[in-house]
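We count ligands from 1, going down the list as the structure has it; atoms in each ligand are counted the same way. Model, not experiment: these values are computed from the prediction.
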Amino acid sequence: MASTTLVNNSIRSSGSGWCINSLFTRATSPFLSHNLHPHNLYRPISLYHKRLSPFLAMDCSKAGQPKEMPSELYATTEEEYASKSNLLQEFIKISNIDKAWTFDSGDGMGTQTMFSISQPNLLANKKRKFMLSAAISKENKNSVTFQWSPFPVEMTGASTIVPSPSGSKLLVVRNPENESPTQFEIWSQSQLEKEFHIPQTVHGSVYVDGWFEGISWNSNETFVAYVAEEPSPPKPTFSQGYKKGGSSDKDCDTWKGQGDWEEDWGETYAGKRQPALFVININSGEVEAVKGISKSLSVGQVVWAPSAEGLYQYLVFVGWSSNTRKLGIKYCYNRTCALYAARILLHKSEANELELKDNSFEDFPVVNLTQSISSAFFPRFSPDGKFLVFLSAKCSVDSGAHSATDSLHKIEWPTNGKLSPSETVFDVIPVVLCAEDGCFPGLYCSSILINPWLSDGHTMILSSIWCSSQVIISVNVLSGELLRISPTESNSSWNVLTLDGDNIIAECSSPVDVPQIKYGYLVEKDTWSWLNVSSPIYRCSEKVRSLLSSLQFSIMKIPVKNASADMTKGAKKPFEAIFVSSKSKRDGACDPLIVLLHGGPHSVWTTSFSKSSAFLSSIGYSLLIVNYRGSLGFGEEALQSLPGNVGSQDVNDVLTAIDHVIDMGLAGPSKLTVLGGSHGGFLTTHLIGQAPDKFVAAAVRNPVCNLALMVGTTDIPDWCYVESYGSKGKKSFTESPSPDELTLFYSKSPISHLSKVKTPTLFLLGAQDLRVPVSNGLQYARALKEKGVETKVIVFPKDVHGIDRPQSDFESFLNIGLWFKKYCK
Ligand SMILES: CC(=O)N[C@@H](C)C(=O)N[C@@H](C)C(=O)O
């Protein structure tokens with residue numbers, strides 16, 4: 001209920017207040033994610049509204065107007081409020097495709113494709129997960145048909161599913177919510193074949209987080225390697241007298257203590273200390289921890305190396321070492337990591353006959369394959385097994401920026417199975433410092449398909465950020481040739497979902513178009529053609545479709561102001577902003593403008609569809625989404641111009657972009673609002689302090705307001721050093737900042753401009769945020785209130801940095817829309 005999840009300094013409940021609170025309670029957003037992001041299958045919408053709108057709820061309407069109402073509600077009519085709530089729900093319930101696979105039917109009749117889909121379930125405050133499949137038939141060169149199964153199949157409760165390479169088996173993993181075992185199920189086409197329960201004494205939850213996560217079938221589909229949380233150390237038991245070593249006595253006068261506190265991996269990894277490697281025999285259910293891996297390594301992204309002769313097999317995985325403190329890893333590519341190979345003995349009974357002992361790690365210790373480079377992840381073997389390709393974030397590790405330009409590399413995989421720790425690392429795609437206009441700006445990949453290969457065996461298909469769009473590229477790993485293969489004339493964003501042989505199943509979207517499935521095929525060398533695939537997945541209401549069709553967007557190039565001679569070439573190049581507006585000016589006047597600012601700061605807002613920003617543009621705001629210098633997608637020099645200059649260079653870029661649209665007559669100076677999360681909240685609060693007369697309202701989500709406070713409470717204190725001092729901050733980072741450092745952190749922070757702020761500001765805060773703890777936003781909000789500035793605070797008790805639980809997302813954006821409306825009359 002609302003009242004249990006809400007702390008809100010401007011909403012107080014009336015006698016019949018549950019319905020008022022429920023209106024403003026609960027918690028999502030692309031604002032804190034990397035902007036990387038169907039139908040109403042459940043209750044009738046009218047029921048839902050009774051709980052959400054005080055105007056529609058029976059209790060309230062019977063009692064008349066509630067005694068105390070949030071002031072912004074006075075500014076709106078009952079109908080208007082209800083219609084915004086309805087509309088936001090229509091946007092929120094649009095489904096997302098999370099993963100896709102294709103299977104060759106083997107009878108020459110084409111392929112089958114399977115989509116894993118999720119849809120927010122507002123009432124349950126969870127994601128609903130389901131599968132939908134289609135048979136693909138490609139009749140001729142220019143047409144493809146997807147024959148969709150009539151209904152999706154609900155998968156709620158499955159933590160992940162992984163089909164075997166041949167497509168004949170499906171692994172379903174169900175992680176427990178309590179101390180129960182983890183469940184592994186092996187399905188064939190017709191039935192459940194096996195079910196295994198792995199107790200917590202063997203391992204905890206399997207990692208399905210998209211980063212440490214790795215679940216890999218071996219080639220003959222008898223073993224699965226995976227990453228799971230190492231069992232927790234036993235807790236001490238106390239009784240009348242202390243008993244050593246976690247005794248299992250169940251006397252009623254004993255109790256469990258806490259034991260030693262152990263570091264975890266920070267934001268979104270609370271309680272996740274040690275991802276470790278396991279192998280399960282899917283016939284017997286026997287599980288073994290992979291031996292020989294140092295305790296100081298956390299591991300992930302495991303894959304089987306190509307089959308070797310004999311009884312041994314190699315596993316390749318990523319290892320992150322942590323001898324001292326574990327610093328937060330979510331959104332942080334600047335953590336040193338390497339590829340390792342471990343040799344394991346698979347066929348024990350045969351080995352016993354040959355009197356081989358399971359000491360494979362003794363005569364073949366785990367080998368670091370990428371010692372010459374500070375970062376290596378997403379290992380992918382070429383189909384012929386001759387080389388191992390991987391991504392590297394060495395620019396990020398070496399500079400300390402939490403994300404930066406990637407590079408692609410390979411090592412040759414010895415066909416004789418003899419690995420050495422000094423494998424030569426070859427460049428495939430090097431880091432781009434500064435690209436010529438229109439040329440490849442550098443690699444920015446947030447994932448790589450499990451099988452990214454075309455049938456030639458050396459061309460990989462990847463999605464990458466290219467200025468303000470996401471595009472699909474092909475990379476020839478032999479020659480290093482790179483081609484942008486999604487249409488170059490499109491400003492929309494493209495994302496590869498899976499390959500169908502040499503064809504590509506992708507999605508394409510824009511700020512004003514819900515995603516559309518596309519089917520790409522090679523027409524002739526280097527020329528791809530893209531067909532539209534009609535699909536039930538992204539179906540949205542007529543209302544949403546019609547609102548979106550009244551909008552347009554463009555990508556603007558904004559020249560840098562005050563470029564100086566000592567700047568790098570890349571730092572002087574124009575940055576970009578995405579401008580979304582109505583196709584026709586209402587009453588000839590400009591719509592009020594929301595300036596949208598991404599976090600990071602080394603992140604980017606692409607032209608991909610975002611439900612929440614589409615909602616805001618649909619209710620009458622133009623959007624100016626600024627990819628200030630420091631954003632991903634524009635080359636390494638532009639990105640590295642920001643660390644050391646936060647709070648000034650980024651703030652000035654945003655002000656320049658605003659002046660640009662005002663000068664073009666696209667926005668009026670009197671109805672400007674600003675919205676951002678995390679570092680975007682840092683910019684928002686800087687802007688209302690440094691340009692106190694510019695904005696009529698502001699809204700922030702988990703904002704960084706005081707670096708001097710954040711440095712002692714966040715999971716990434718190193719970030720405060722690097723962004724405040726530049727890359728020299730990486731060297732000076734310490735857990736005990738000096739008074740001079742604290743002074744500099746304060747002076748670089750929005751709080752140092754607080755005395756000038758007049759702008760009414762809405763705060764949306766996640767109480768479980770380990771990245772920018774709630775104290776940052778609360779301190780600033782309290783200070784604003786103290787000086788009489790209008791503020792409103794909503795704290796979501798169970799939300800982390802992303803504030804993306806369905807109800808929290810809903811409540812956040814409903815309030816943002818209303819808050820801005822109140823000041824844009
Ligand atoms: C690296 C990082 O998490 N920085 C935060 C201050 C931030 O801005 N986070 C980004 C990724 C976000 O959008 O949440």
With atom 9 (N) of ligand 1 as the reference point, say which of C720, C332, S678, G328 has the nearest heavy atom.
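The nearest heavy atom belongs to S678.
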Could you pull out, from G802, G680, G681, G600, the option with a heavy atom nearest to atom 4 (N) of ligand 1?
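Comparing heavy atoms across G802, G680, G681, G600, the nearest one to atom 4 (N) of ligand 1 lies in G600.
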Kindly write out the residues that satisfy ring-ring contact (aromatic ring centres under 6.0 Å, His included) with F390, not counting sequence neighbours, or none if the list is empty.
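Result, ring-ring contact (aromatic ring centres under 6.0 Å, His included) vs F390: H409.
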Partners meeting ring-ring contact (aromatic ring centres under 6.0 Å, His included) with F378 (sequence neighbours left out):
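Only W211 meet the ring-ring contact (aromatic ring centres under 6.0 Å, His included) criterion with F378.
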Checking contacts here: is it the side chain or the backbone of [X] that comes within 4.0 Å of ligand 1, counting heavy atoms only? Could be both or neither.
{"X": "R771", "answer": "side chain"}
{"X": "H602", "answer": "neither"}
{"X": "H679", "answer": "both"}

Check each atom of ligand 1 against the heavy atoms of H402 and keep those under 4.0 Å away; list them by number with element.
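That gives atoms 1 (C) of ligand 1.
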Hey, which atoms in ligand 1 end up nearer than 4.0 Å to a heavy atom of W719?
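Answer for ligand 1: 1 (C), 4 (N), 6 (C).
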According to the interplanar angle, ranging from 0 to 90°, do the rings of F682 and H686 count as parallel (below 30°), tilted (30 to 60°) or perpendicular (above 60°)?
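Correct class here is perpendicular.
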With side chains defined as the heavy atoms from C-beta onward, is the minimum distance between V722 and N334 less than 4.5 Å?
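Counting from C-beta outward, V722 and N334 never come under 4.5 Å.
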Show the numbers, then the answer: is there a side-chain hydrogen bond (donor to acceptor under 3.5 Å, both in side chains) between D715 and Y269?
CA-CA 11 Å; D715 65 332; Y269 289 101; over 6 Å; no
Using modelled atom types and a 3.5 Å cut-off, is there a donor and acceptor pairing between side-chain atoms of S510 and backbone atoms of V512?
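Between the backbone of V512 and the side chain of S510 there is a qualifying donor-acceptor contact (under 3.5 Å).
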Under 4.0 Å, counting heavy atoms only: does S603 come that close to any atom of ligand 1?
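Checking ligand 1 against S603, which is what was asked, there is no heavy-atom contact under 4.0 Å.
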